[in-house]
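Read through the structure below, which is laid out as structure tokens, and then see the notes.
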Amino acid sequence: MRTVFNISGLWLCLLAALPARAQVADSASQPAPEQLTVLQDTSYIVVRDIVVTGNKRTRRSVILREIGIKPGDTLRLRNLQSILETNRKQLLNTSLFLNVLTNVKDWNGNEANVVFDVWERWYLLAFPVFKLADRNFNQWWVEQKKSLRRVNVGVKAWQDNLTGRNDELYTDISFGYTQKFVLGYTLPYIDRKLRHGIGFSASFSRNREINYISEDNKQQFFRQDDFLRRQMAFGVSYTYRKAISTRHQAFLTYHSESVADSVAKLNPNYLGDGRTSVHYAELVYRLDYIQADSWQYPLVGQSFRGEVSKAGLGPLNDIDFVKIRLKGAKYWQFAPKTYGAVSLLGQVKFPNDLPYAASRALGYGDDYLRGLEYYVVDGTAFFILKNTLRRELLNFKVRLPIVPKKFSNLPVRVLAKAYGDMGYGYSKLGLRGDLSNRMLYTAGVGLDVVSFYDTCIRFEYSINQLGEKGLFLHAKLDM
């Protein structure tokens with residue numbers, strides 16, 4: 001009976017409380033004006049201060065320069081996470097840090113501090129150089145039969161963030177196929193507002209073998225015991241970067257190149273008019289705009305680069321041309337872990353009748369179609385359209401032994417991809433191969449392996465319009 005009484009008493013208490021609870025609920029659903037104000041105030045925070053931790057070398061001003069928020073800013077809580085992530089990625093894009101952590105601390109009402117904890121990377125790096133002299137790995141492996149005479153060995157060293165202002169001192173000393181010495185320094189900020197920067201570079205190289213002409217869209221080489229070519233360059237640069245995404249640069253460079261008499265006899269147009277030496281100055285203006293999740297391996301965003309240059313200034317005009325170069329790329333996400341990208345690159349030089357050494361178009365440097373790595377197209381104008389669909393397969397970390405703890409976790413991402421390229425190389429003379437002055441098409445599938453320190457290894461199986469197929473290896477971003 002005691003149990004029944006207790007349960008009945010409990011139900012009576014609950015029933016008695018219902019009207020009161022209903023009344024409280026009704027009043028809570030219609031808050032007073034002063035209560036509405038309190039609810040609205042909690043929907044944002046005011047940034048009291050930007051706190052930076054972990055920066056032993058990097059100057060605080062350089063870090064704050066890359067952050068898009070400042071003390072006194074009002075941030076809506078619904079946007080807070082995306083704002084912090086955008087600024088975190090921007091700091092990573094400076095290539096100064098291995099990782100960046102963000103947080104909001106020290107709340108006092110609606111005010112709080114925004115904290116950026118940075119993990120600085122190794123800034124002094126030196127590596128032995130084992131670099132192929134050929135345009136790509138496949139050309140060396142297949143066409144040059146893995147010849148060790150076509151390898152450069154030496155040492156490459158650079159001191160990033162030398163003074164804590166994201167400046168860089170670098171040098172490259174190589175021997176083998178090319179004897180080369182390079183020294184350079186860039187300082188992105190020389191003023192208090194961190195907008196203006198300067199730099200300089202000097203280089204010297206010489207070769208016993210030279211690509212003196214192209215036949216059937218293949219480079220032809222000539223070799224002898226004495227040095228056939230010597231190149232020297234000295235340059236200065238100026239940078240202006242007012243905002244975060246846009247950078248203006250100007251370069252003024254003096255070039256000097258000389259070749260042996262035998263080269264001029266084999267191809268009188270190598271330097272033009274049978275000359276064995278040329279000296280010229282070149283002025284370049286470059287505009288870069290990039291707004292992407294990563295500047296090293298973008299998956300979402302867009303980028304643009306425009307460049308106008310004039311070779312041949314005043315009396316230093318042995319080589320004389322105007323070059324216009326434009327490149328735009330768009331990256332977007334289709335679905336979780338699925339990404340698309342399209343890029344368009346175009347270049348034109350005036351006049352059309354340039355020496356062979358100044359008329360290289362498709363197949364040199366990064367200007368090639370995936371699947372046509374064995375070929376070159378010489379001329380004064382070209383365009384390349386690239387389309388890529390990527391799907392992330394793996395995203396993991398590898399624990400490295402021995403190294404300090406903060407460097408021990410090596411992030412690795414593996415992405416599968418399918419791609420299709422098209423391009424066109426124009427030559428006024430219409431010579432040096434059947435691939436000139438015609439549309440070119442390639443396609444393929446592959447894998448990208450991406451890690452920090454801006455490393456990307458690409459394995460690609462491609463087919464071109466000639467019906468040729470092959471597996472290609474590259475160590476740079478493809479678009």
Side-chain H-bond candidate by donor/acceptor type, [X] with [Y], under 3.5 Å:
X: T380; Y: N352; result: yes
X: Y339; Y: D293; result: no
X: Y189; Y: H196; result: no
X: N99; Y: R121; result: no
X: T163; Y: R165; result: yes
X: S462; Y: Y419; result: yes
X: T58; Y: N161; result: yes
X: D49; Y: N113; result: no
X: S174; Y: D172; result: yes
X: Y297; Y: D448; result: yes

To the nearest 0.5 Å, what is the distance between [atom1] on [X] and [atom2] on [Y]?
X: F97; Y: L101; atom1: CZ; atom2: CG; value: 12.0 Å
X: S95; Y: Q296; atom1: OG; atom2: CD; value: 4.0 Å
X: L345; Y: F382; atom1: CG; atom2: CZ; value: 4.5 Å

Heavy-atom pair of closest approach, residues [X] and [Y]:
X: I319; Y: A358; answer: CG2-CB, 4.4 Å
X: L435; Y: N217; answer: N-OD1, 3.0 Å
X: G176; Y: N152; answer: C-OD1, 3.9 Å
X: D421; Y: R370; answer: OD1-NH2, 2.7 Å
X: Q347; Y: R325; answer: OE1-NH1, 2.6 Å
X: L369; Y: G423; answer: CD2-N, 3.6 Å

What verdict does the salt bridge (Lys or Arg N to Asp or Glu O under 4.0 Å) test give for R241 and E66, after you've listed the backbone C-alpha separation in whole Å, the side-chain angles of each residue and the deciding distance to 0.1 Å?
CA-CA 11 Å; R241 181 171 174 245; E66 303 297 327; 2.8 Å; yes
Under the 3.5 angstrom rule, does the side chain of [X] hit a backbone N or O of [Y] as a donor-acceptor pair?
X: D167; Y: L162; answer: yes
X: R230; Y: F204; answer: no
X: N395; Y: R413; answer: no
X: R286; Y: V308; answer: no
X: N79; Y: R76; answer: no

Dump the intermediate steps for side chain to side chain donor-acceptor pair (under 3.5 Å) on N464 and T442, then the final yes or no.
CA-CA 4 Å; N464 59 41; T442 65; over 6 Å; no
Identify which one of H279, E282, Q231 satisfies the side-chain hydrogen bond (donor to acceptor under 3.5 Å, both in side chains) criterion when paired with H255.
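So the option named by the test is E282.
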By the definition side-chain hydrogen bond (donor to acceptor under 3.5 Å, both in side chains), identify the one residue from E392, R391, R390 that meets it with T338.
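So the option named by the test is R391.
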Could you walk me through whether H248 and Y285 pass the side chain to side chain donor-acceptor pair (under 3.5 Å) test, one step at a time?
CA-CA 8 Å; H248 305 264; Y285 166 73; 2.8 Å; yes
Hey, can you tell me if H474 and Y368 have their rings parallel, tilted or perpendicular (30° and 60° cut-offs)?
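Judged by the thresholds at 30° and 60°, the geometry between H474 and Y368 is parallel.
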Return the orientation label for the F234 and Y254 ring planes: parallel under 30°, perpendicular over 60°, tilted otherwise.
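Answer is parallel, since the angle falls under 30°.
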Can you confirm whether [X] sits close enough to [Y] that some side-chain heavy atom of one is under 4.5 Å from a side-chain heavy atom of the other?
X: R305; Y: L326; value: no
X: K180; Y: R206; value: no
X: F127; Y: V155; value: no
X: L287; Y: T246; value: yes
X: L96; Y: N166; value: yes

Chi angles and distances behind the side chain to side chain donor-acceptor pair (under 3.5 Å) call for S214, D378:
CA-CA 8 Å; S214 301; D378 298 311; 2.9 Å; yes
Applying side-chain contact (heavy atoms from CB on, under 4.5 Å) to L344 and K327, what does each step give before you reach the verdict?
CA-CA 6 Å; L344 178 62; K327 181 179 181 180; over 6 Å; no
F472 and ring pair (Phe, Tyr, Trp, His ring centres under 6.0 Å): which partner among F137, F459, Y374?
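Running ring pair (Phe, Tyr, Trp, His ring centres under 6.0 Å) over F137, F459, Y374 with F472 returns exactly one hit, Y374.
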Pair E209-R229, salt bridge (Lys or Arg N to Asp or Glu O under 4.0 Å): steps then yes or no:
CA-CA 8 Å; E209 184 172 286; R229 180 177 64 171; over 6 Å; no
Enclosure of [X] [atom1] (heavy-atom neighbours >12, cutoff 6.0 Å):
X: K323; atom1: NZ; value: yes
X: K310; atom1: NZ; value: yes
X: K146; atom1: NZ; value: yes

List the residues meeting ring-ring contact (aromatic ring centres under 6.0 Å, His included) with W332, not counting sequence neighbours, and say none if there are none.
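For W332 the ring-ring contact (aromatic ring centres under 6.0 Å, His included) partners, ignoring immediate neighbours, are F334.
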For Q219 and Q139, run side-chain contact (heavy atoms from CB on, under 4.5 Å): C-alpha distance rounded to whole Å, both residues' side-chain angles, the deciding distance at 0.1 Å, then the answer.
CA-CA 10 Å; Q219 293 175 291; Q139 186 192 15; 3.2 Å; yes
For the rings on F321 and Y280, is their centre-to-centre separation under 6.0 Å?
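Centroid distance F321-Y280: not below 6.0 Å, so no.
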Name all residues meeting the side chain to side chain donor-acceptor pair (under 3.5 Å) criterion together with Y240; count only those two or more places apart in sequence or in a different chain, and write none if there are none.
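Once residues adjacent in sequence are excluded, Y240 has no partner under the side chain to side chain donor-acceptor pair (under 3.5 Å) criterion.
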Contacts of type salt bridge (charged side-chain N to carboxylate O under 4.0 Å, His left out), residue D117, not counting sequence neighbours:
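In terms of salt bridge (charged side-chain N to carboxylate O under 4.0 Å, His left out), with neighbours along the sequence ignored, D117 is linked to no residue.
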